[in-house]
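Scroll down for the structure; my scribbles are underneath it.
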Amino acid sequence: MIYAKYSTVIIGSGIAGLYSALKIEQQVGLPDGILLVTKSKLGESNSRYAQGGMVGVMKENKMDSTVSHISDTIKAGAGLSEFNTVKFISENSDAVIKDLMKFGVEFDRNDNNELTFTLEAAHSVNRVLHAGGDATGRMIEEALCKKVKETSNIEVYENTVAVELLVNSEKQCRGVIVFNETTHEYETIYAPVVILATGGIGQLYKYTTNPIGATGDGLAIAYNAGAVMQDMEFVQFHPTALAIDGEENRFLISEAVRGEGAKLVDADGVEFMHKYHEKRELAPRDIVTRANFNEMLEKHLNNVYLNATCIDSKKLAKRFPNISKKCLENGIDIAKDFIPVAPAAHYFMGGVKTNIKGETTIQGLYAIGETASTGLHGANRLASNSLLECVVCAYEVADVLRTMQLKTPKQIDAEIKRVIDVYNNDSDDVPEDIDVADLKHELQNIMWDYVGILRSEKSLLTAIEKLNRLKLKFHRSIKCFNRAEYEFKNMLTVAQLIAISAYKRKESRGAHYRLDYLNTNEECIHSHLTKEEGELSFVN
Ligand code: FAD
Ligand code: SIN
């Protein structure tokens with residue numbers, strides 16, 4: 001076991017993690033420096049794949065206002081968004097995005113060098129900033145990674161997995177244990193501040209737009225450490241992932257393509273969205289997803305189609321260079337052919353309960369970005385609000401730390417020492433063979449089939465039972481032997497929390513759709529789960 005000490009540890013190198021590292025370094029006194037831990041290469045994350053863009057209620061956009069953005073966000077959130085959180089994030093978007101630009105992020109501009117804004121579903125005006133056409137996430141990531149590499153006060157551990165938080169009986173976080181996938185060594189990192197920026201959960205589902213690292217690690221380790229989890233039943237499925245046979249990790253066909261005028265059609269080329277919502281293709285995301293899913297079920301299709309042939313071909317190529325390229329690689333010319341699309345797990349609205357400053361219910365533990373549940377998105381996230389939330393909350397967390405003395409306590413609590421001892425003890429480290437890939441596949445199928453777009457008491461109880469059985473096949477309790485095992489352990493914990501939370505919410509709201517409770521029940525508010533309440537021992 002190696003031991004180290006930092007003023008702040010950030011877990012995750014998506015946009016939330018990178019931007020918070022830069023802001024903290026810029027604003028906060030750091031006697032022991034910052035450590036950024038990331039389980040893959042720096043910058044590999046969901047953020048990197050973001051296409052459509054980032055909401056910016058910018059002063060120069062005369063069509064827009066925070067009142068309008070707040071109203072759209074709250075409408076999409078189906079009654080579960082927190083007004084004060086929405087207002088704060090909306091009102092701070094202009095300043096934070098301008099600050100982001102100072103770190104080298106360049107959003108697309110027109111010939112007059114003015115920012116260009118696009119339209120996405122459920123927005124009343126064009127307000128989504130984009131970069132590199134449809135490569136918004138990659139452009140932001142690259143700029144921020146470059147700055148992080150140039151900043152000597154930020155140390156980066158790549159290929160290193162955070163496996164357990166060090167929390168004492170007073171609910172104070174004192175650091176984190178990490179596992180180096182290359183050397184197979186554990187390291188105890190003491191720090192008065194740990195920030196979880198570990199992203200989402202898409203990999204829990206058979207079909208997803210998320211890359212392989214989206215396994216809910218931060219959620220599981222926060223839950224295990226005693227943090228309160230919020231709204232765990234709310235998983236957003238994107239309506240239009242590219243449906244190529246055999247591919248389960250699906251490339252996204254951005255909502256911005258519909259924003260530019262593309263239409264959804266069935267196998268006969270017949271439009272159907274008018275049957276589901278007055279805003280048709282630009283209805284809230286959960287509605288378009290269920291519409292596509294319903295068409296597929298009723299007409300026994302593996303996918304529906306997106307018809308972008310009505311958009312000028314030059315515009316298509318300029319606005320969506322990566323989507324055009326990816327489709328062409330699969331024999332689809334989007335200027336001439338229909339694009340096969342189907343829903344896929346995309347975003348997690350639930351998460352570690354935090355306020356706008358990223359503070360969790362554990363002192364010294366913060367969560368930002370997709371891992372956090374601030375109350376912004378409610379039951380259904382409005383497109384392109386996620387990247388905005390990442391940057392506003394990263395900015396805020398740095399502001400909170402500015403007023404704190406970041407000192408590591410000298411004495412080590414007994415319960416923390418006991419945790420460290422578990423990872424230090426290699427007396428029985430004889431790994432028993434476990435086919436994690438197989439177990440992961442099983443979990444993804446359970447979640448897709450029983451905790452997916454349409455849910456019911458029967459499907460959720462089936463999922464809970466199947467997940468309990470799956471757990472029995474995974475013979476690890478605390479210590480695992482590689483990254484894949486740690487990820488699977490976390491996936492199992494988060495899958496159980498989602499299924500239990502979905503079972504308990506006896507209503508339909510936003511992305512949580514119960515076939516046995518079709519109406520929204522105004523009395524159902526945020527849901528919370530904690531380890532102390534023994535949620536994972538749930539039996540009906
Ligand atoms: P991420 O970007 O996912 O980063 C998480 C980081 O944590 C990664 O670096 C990961 O390796 C690391 N990590 C995880 N677990 C551990 C661990 N145990 N130890 C160490 N490191 C760990 N949102 C928008 O607003 N606009 C869009 O246009 C948009 N398009 C999208 C398109 C796609 C295809 C996808 C998948 C998502 C899209 N989203 C979009 C959602 C948005 O990209 C994400 O919600 C957001 O980027 C999350 O950022 P984050 O920093 O919180 O997490
Ligand atoms: C997209 O480009 O369709 C994704 C936007 C988002 O998830 O916010």
Side-chain angles (χ1 to χ4, degrees), residues 9-20 36-55 118 120-123 128-131 134-138 140-141 144-145 157-165 176 178-179 181 195-203 208-221 236 238-242 249-259 285 288 320 322-323 344-349 351 367-372 377 381-391 393-394 483 486-487 489-490:
V9 184
I10 298 164
I11 322 280
S13 64
I15 285 171
L18 293 166
Y19 186 54
S20 65
L36 183 70
V37 175
T38 192
K39 68 179 173 180
S40 182
K41 282 257 160 257
L42 186 69
E44 180 48 37
S45 58
N46 271 10
S47 298
R48 174 163 281 263
Y49 301 91
Q51 293 184 356
M54 182 189 291
V55 162
T118 195
E120 287 190 40
H123 286 276
V128 178
L129 293 164
H130 45 90
D134 55 2
T136 309
R138 183 161 53 78
I140 301 174
E141 279 272 354
L144 298 182
C145 282
Y157 284 4
E158 291 185 315
N159 303 316
T160 303
V161 191
V163 298
E164 185 153 353
L165 293 165
V176 60
V178 301
F179 172 73
E181 174 76 347
I195 302 175
L196 295 173
T198 46
I201 56 113
Q203 285 292 319
T208 179
T209 62
N210 292 190
I212 54 161
T215 50
D217 299 6
L219 301 165
I221 64 176
Q236 180 169 72
H238 198 290
T240 58
L242 181 62
N249 284 353
R250 292 188 155 170
F251 180 83
L252 184 71
I253 305 296
S254 174
E255 205 155 87
V257 182
R258 277 177 281 133
R285 194 171 277 180
V288 184
F320 305 111
N322 295 297
I323 293 174
H346 182 64
Y347 183 83
F348 193 48
M349 272 82 67
I368 51 174
E370 194 167 338
T371 295
H377 310 300
R381 178 177 63 100
L382 184 67
S384 291
N385 260 351
S386 170
L387 295 181
L388 175 63
E389 184 189 46
C390 285
V391 292
C393 294
R483 169 178 161 179
Y486 277 115
E487 287 183 335
K489 183 164 84 121
N490 294 329

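For ligands, and for the atoms within them, numbers begin at 1 and follow the listed sequence. Numbering of residues begins at 1 and proceeds along the displayed sequence. This is a predicted model, so every value here is computed, not measured.
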Legend entry - Test item: Ile323 and Phe251 side chains (from C-beta on) under 4.5 Å apart, heavy atoms: yes
Legend entry - Residues that Lys39 engages under salt bridge (Lys or Arg N to Asp or Glu O under 4.0 Å), provided they are two or more places apart: Asp217, Glu487
Legend entry - Sub-4.5 Å side-chain heavy-atom contact between Asn490 and Leu219: no
Inset, instruction - Would you check if Ser384 and Val128 make a side-chain contact, meaning some heavy-atom pair closer than 4.5 Å? - result: yes
Legend entry - Test: Glu141 and Arg138 ion pair at under 4.0 Å: no
Legend entry - Neighbouring residues of ligand 1, heavy-atom cut-off under 4.0 Å: Ile11, Gly12, Ser13, Gly14, Ile15, Ala16, Val37, Thr38, Lys39, Glu44, Ser45, Asn46, Ser47, Tyr49, Ala50, Gln51, Gly52, Gly53, Thr160, Val161, Ala162, Ala197, Thr198, Gly199, Thr209, Asn210, Asp217, Leu252, His346, Tyr347, Gly369, Glu370, Arg381, Ser384, Asn385, Ser386, Leu387, Cys390
Inset, instruction - Look up atom CZ in Arg258 and atom CZ in Arg285, then write down how far apart they are to the nearest 0.5 Å. - result: 7.5 Å
Inset, instruction - To the nearest 0.5 angstrom, please state how far the CD atom of Glu370 sits from the CZ atom of Arg381. - result: 7.0 Å
Legend entry - Arg48: salt bridge (Lys or Arg N to Asp or Glu O under 4.0 Å) partners, not counting sequence neighbours: none
Inset, instruction - Report the relative orientation of the aromatic rings in Tyr486 and Phe179; use parallel for angles under 30°, tilted for 30 to 60°, perpendicular for over 60°. - result: tilted
Tabulating one pair per line, provide the atom names and distances (0.1 Å) for every N/O atom of ligand 2 that is less than 3.5 Å from a protein N/O atom.
unit_1	atom_1	unit_2	atom_2	d
ligand 2	2 (O)	Gly52	N	2.9
ligand 2	2 (O)	Ser254	OG	2.6
ligand 2	3 (O)	His238	NE2	2.8
ligand 2	3 (O)	Glu255	N	2.6
ligand 2	7 (O)	Arg285	NH1	3.0
ligand 2	7 (O)	Arg285	NH2	3.3
ligand 2	7 (O)	His346	NE2	2.7
ligand 2	7 (O)	Arg381	NH2	2.7
ligand 2	8 (O)	Arg381	NH1	2.8
ligand 2	8 (O)	Arg381	NH2	3.4
ligand 2	8 (O)	Ser384	N	2.6

